[in-house]
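Below you'll find the structure, written out as structure tokens, and then a few comments.
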Amino acid sequence: MNWPQTSLTQCLGLRYPIIQAPMAGGPSTPALVAAVCNAGGLGSLAAGYLEPEQIRQAIREIRALTDQPFAVNLFVTETPSVDEARVARAQEVLVPIRQRLGLQPPAPTALPARYLPSFTEQLAVILEEAVDAFSFTFGIPKPEELEALKHAGILTIGTATHLLEAIVLEESGVDVVVAQGLEAGGHRATFLGNPEQGLVGTMPLVALLTDHLRIPVVAAGGIMDGRGIAAALVLGAAGAQMGTAFLATPESGAHPRYKELLLGGTEITTVLTRAFTGRLARALRNTYTNELAPVERELPEFPVLQALTRDIREAAARLERTEFMPLWAGQGCPLCRNRPAAELIATWVRQVEALFDRRGLLSDR
């Protein structure tokens with residue numbers, strides 16, 4: 001039984017239309033990226049927080065592990081304006097949490113000179129290394145940057161949370177659009193309008209985008225196994241992007257205690273929160289999200305709050321205090337499995353084939 005080919009598999013030479021979502025902050029290790037690629041999917045290196053030479057090193061590590069196509073993901077952000085009143089409010093409300101972690105109050109000059117690595121310098125490495133695909137979120141690269149990527153033969157993958165964003169991405173010349181449904185874990189990708197405008201479920205969002213776009217659409221959010229992949233394909237998606245489903249794999253760089261929680265049963269729940277970074281994101285509900293929920297709209301925006309909470313996040317990870325860690329996860333997280341990435345993909349492939357064969361949608365070739 002042959003797997004159905006889509007525009008995504010054809011343009012990248014993939015066996016299966018499965019993308020491992022870029023998960024910044026540790027989970028997307030070169031080992032995970034390569035494992036997904038070798039299993040027939042598209043692995044993605046989350047490089048938004050990496051300095052240019054760190055990106056180059058990670059790309060070369062991946063290439064030492066696979067000869068298959070892979071993607072590199074960056075954040076497209078503008079230089080933030082700093083609201084001193086919001087910064088002061090953040091430092092005030094974070095005092096009790098710092099005390100419980102044994103941290104000293106930050107110095108008055110605790111804000112960094114810059115909040116994220118230079119996008120221009122990061123992109124230069126991607127062009128120099130000539131990666132197969134470049135995905136991005138939180139915005140759109142400049143026209144000349146997209147033109148440089150196109151000239152280099154690098155496939156571009158943008159992220160949209162509602163129809164208008166997807167149309168703007170297509171008009172900008174992007175090759176593929178990821179439809180990020182509200183079920184997705186991690187940061188919301190919304191870049192037009194307020195974040196609430198982008199809270200559309202994965203299935204209706206995919207249907208909307210496939211009806212209005214000419215370029216391939218990839219479904220993302222709440223997809224944890226072959227059933228979700230099959231549903232996305234039936235709706236017209238060219239593939240499925242899955243992040244949370246890979247979090248508990250041996251190749252994932254997620255914190256061990258984080259993995260334990262994901263594998264701990266059906267009682268874990270997720271919540272949309274701004275309290276860790278200033279940008280709306282879906283994470284496991286914990287003490288931190290609960291205590292900061294009443295005041296999170298008073299805090300600075302991304303990436304200013306991201307910088308202010310760095311010591312808290314690092315201390316919580318070091319002390320294994322998951323109640324204060326940003327545990328990004330989608331709504332399907334109780335379906336996480338501790339199995340190698342290649343084994344998961346093989347299982348999902350069999351599930352999709354069984355579902356399609358049962359309904360007469362897949363035939364021998």
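All values below were derived from every heavy atom in this structure, side-chain atoms included, with hydrogens, water molecules and symmetry-related copies excluded.
Under the 3.5 Å distance criterion, with hydrogens and angles disregarded, a donor-acceptor pair is assigned to the side chains of T161 and T190. Checking R285 against T289 by side-chain atom types alone, no donor-acceptor pair falls below 3.5 Å. For the residue pair S44 and N73, no side-chain donor N or O sits within less than 3.5 Å of a side-chain acceptor on the partner. R56 and Q122 share no donor-acceptor pair across their side chains, judged by distance under 3.5 Å alone. There is no side-chain donor-acceptor pair under 3.5 Å between Q331 and T270. Side-chain contact of R339 with T347: a donor-acceptor pair under 3.5 Å is present, judged by distance alone. Checked by atom type, the side-chain pair Q5/T9 shows a donor-acceptor distance below 3.5 Å.
The stretch residues 241-254 participates, sequence neighbours left out, in no salt bridge (Lys or Arg N to Asp or Glu O under 4.0 Å) pair at all.
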(request) Please test Y288 against L94 for side-chain contact (heavy atoms from CB on, under 4.5 Å), starting from the C-alpha separation and ending with a verdict. (result) CA-CA 10 Å; Y288 185 98; L94 292 173; 3.6 Å; yes
(message) Between V218 and I157, is the side-chain contact (heavy atoms from CB on, under 4.5 Å) condition met? List the steps.
(response) CA-CA 9 Å; V218 173; I157 306 172; 5.9 Å; no
(request) Using the side-chain contact (heavy atoms from CB on, under 4.5 Å) rule, take E320 and H255 through it: C-alpha gap first, then chi angles, then the decisive distance, then the call. (result) CA-CA 9 Å; E320 300 187 344; H255 193 287; 3.7 Å; yes
(request) Show the numbers, then the answer: is there a salt bridge (Lys or Arg N to Asp or Glu O under 4.0 Å) between R257 and E323? (result) CA-CA 11 Å; R257 293 283 291 119; E323 69 269 34; over 6 Å; no
(message) As a quick check of understanding, evaluate side-chain contact (heavy atoms from CB on, under 4.5 Å) for H187 and T277, giving each step before the final call.
(response) CA-CA 9 Å; H187 286 111; T277 69; 2.8 Å; yes
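For the atom pair CG of L308 and CD of Q306, the computed distance is 10.0 Å after rounding to the nearest 0.5 Å. Distance check, rounded to the nearest 0.5 Å: CG of L205 to CD of Q180 gives 9.0 Å. The distance from the CG atom of L164 to the CD1 atom of I167 is 6.5 Å, given to the nearest 0.5 Å. The structure places CG of L247 at 12.0 Å from CG of N338, a figure rounded to the nearest 0.5 Å. The distance from atom CZ of R89 to atom CG of D83, rounded to the nearest 0.5 Å, is 13.0 Å. Taken from SG in C336 to NZ in K259, the straight-line distance is 10.5 Å, to the nearest 0.5 Å.
Applying the ring pair (Phe, Tyr, Trp, His ring centres under 6.0 Å) test to F75 and every residue at least two apart in sequence or in another chain returns Y49, F138.
Without hydrogens or angle criteria, S172 side chain to V168 main chain gives a donor-acceptor distance under 3.5 Å. N38 contributes no side-chain N or O that, together with a main-chain N or O of T66, makes up a donor-acceptor pair within less than 3.5 Å. Proximity of a side-chain donor or acceptor of S118 to a complementary backbone N or O of E121 within less than 3.5 Å is detected. A donor-acceptor pair is defined here as one N or O able to donate and one able to accept, closer than 3.5 Å; no such pair exists between the side chain of R279 and the backbone of R274. Under a 3.5 Å cut-off, the side chain of T202 and the backbone N or O of A220 do form a donor-acceptor pair. The backbone N or O of G222 sits nowhere less than 3.5 Å from a side-chain atom of E183 that would complete a donor-acceptor pair. T156 places a side-chain N or O within donor-acceptor distance of the main-chain N or O of D175, the cut-off being under 3.5 Å. In this structure, Y16 contributes its side chain and W348 its backbone to no donor-acceptor pair below 3.5 Å. With hydrogens and angles disregarded, no donor-acceptor distance shorter than 3.5 Å links the side chain of H162 to the backbone of G198.
A salt bridge is defined here as a Lys NZ or Arg NE, NH1 or NH2 lying under 4.0 Å from an Asp or Glu carboxylate O, and E129 with R63 meets this definition. Ion pair R297/E196 flagged as a salt bridge, since at least one NZ, NE, NH1 or NH2 atom sits closer than 4.0 Å to an Asp/Glu carboxylate oxygen. Salt-bridge annotation for E51 and R114: present, with a side-chain N of the basic residue lying under 4.0 Å from a carboxylate O of the acidic one. Salt-bridge formation is not detected for the pair R86/E301: no Lys NZ or Arg NE/NH1/NH2 atom is positioned less than 4.0 Å from an Asp or Glu carboxylate oxygen. Between E353 and R350, none of the side-chain N atoms (NZ, or NE/NH1/NH2) sits under 4.0 Å from a carboxylate O, so this pair counts as no salt bridge.
By the 4.5 Å heavy-atom criterion applied to side chains, V93 and L292 are counted as neighbours. The closest side-chain heavy-atom distance from P30 to V33 is not below 4.5 Å. Annotation: side chain of V76 is not in contact with side chain of T137 (no heavy-atom distance under 4.5 Å). Two residues are said to be in side-chain contact when any heavy atoms from C-beta on lie closer than 4.5 Å; V271 and N290 fail this criterion. Looking only at side-chain heavy atoms (C-beta outward), Y115 and T77 stay at 4.5 Å or farther from each other. Taking the side chain as every heavy atom from C-beta outward, M325 and L284 never approach each other to under 4.5 Å. Using a 4.5 Å heavy-atom cutoff, the side chains of R188 and P195 are not in contact. Put simply, the side chain of D132 does not reach to within 4.5 Å of the side chain of I154, judged on heavy atoms.
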Tell me which donor-acceptor pairs under 3.5 Å the side chains of residues 142-150 have, and how far apart each pair is, sequence neighbours excluded?
residue : atom : partner : partner atom : Å
E145    : OE1  : K142    : N            : 2.8

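Shown here for A160 and V177, the closest heavy-atom pair between the two residues is CB-CG1, 3.9 Å. Nearest heavy atom pair, residue V352 against residue A230, reads CG2-N, 4.1 Å. The heavy-atom pair separating L169 from F191 by the smallest distance is CG-CZ, 4.1 Å. Counting all heavy atoms, side chain and backbone alike, L209 lies closest to A179 at CD2-CB, 3.7 Å. Closest approach of E296 to L272, counting heavy atoms only: OE2-O, 4.4 Å. Taking both residues in full, the closest heavy atoms of N286 and F324 are given as ND2-N, 4.0 Å, listed atom of the first, atom of the second, then distance.
Grouping the Ile, Leu, Val, Met, Phe, Trp and Tyr side chains by contacts below 4.5 angstrom, directly or via other members, places F70 apart from I19. Cluster annotation: I229 is not connected to V206 through the hydrophobic network of ILVMFWY side chains, with a link wherever side-chain heavy atoms come within less than 4.5 Å. Under a hydrophobic clustering in which Ile, Leu, Val, Met, Phe, Trp and Tyr are joined whenever their side-chain heavy atoms come within less than 4.5 Å, directly or via other members, F134 and L42 fall into different clusters. Hydrophobic cluster membership differs between V174 and V178, with clusters built from Ile, Leu, Val, Met, Phe, Trp and Tyr side chains linked at under 4.5 angstrom. Both V304 and L299 are part of a single hydrophobic cluster, where members link through side-chain heavy atoms under 4.5 Å apart.
Of the listed residues (L45, I126, V125, L155), just one forms a side chain to side chain contact (heavy atoms under 4.5 Å, CB included) with V131, and that residue is I126.
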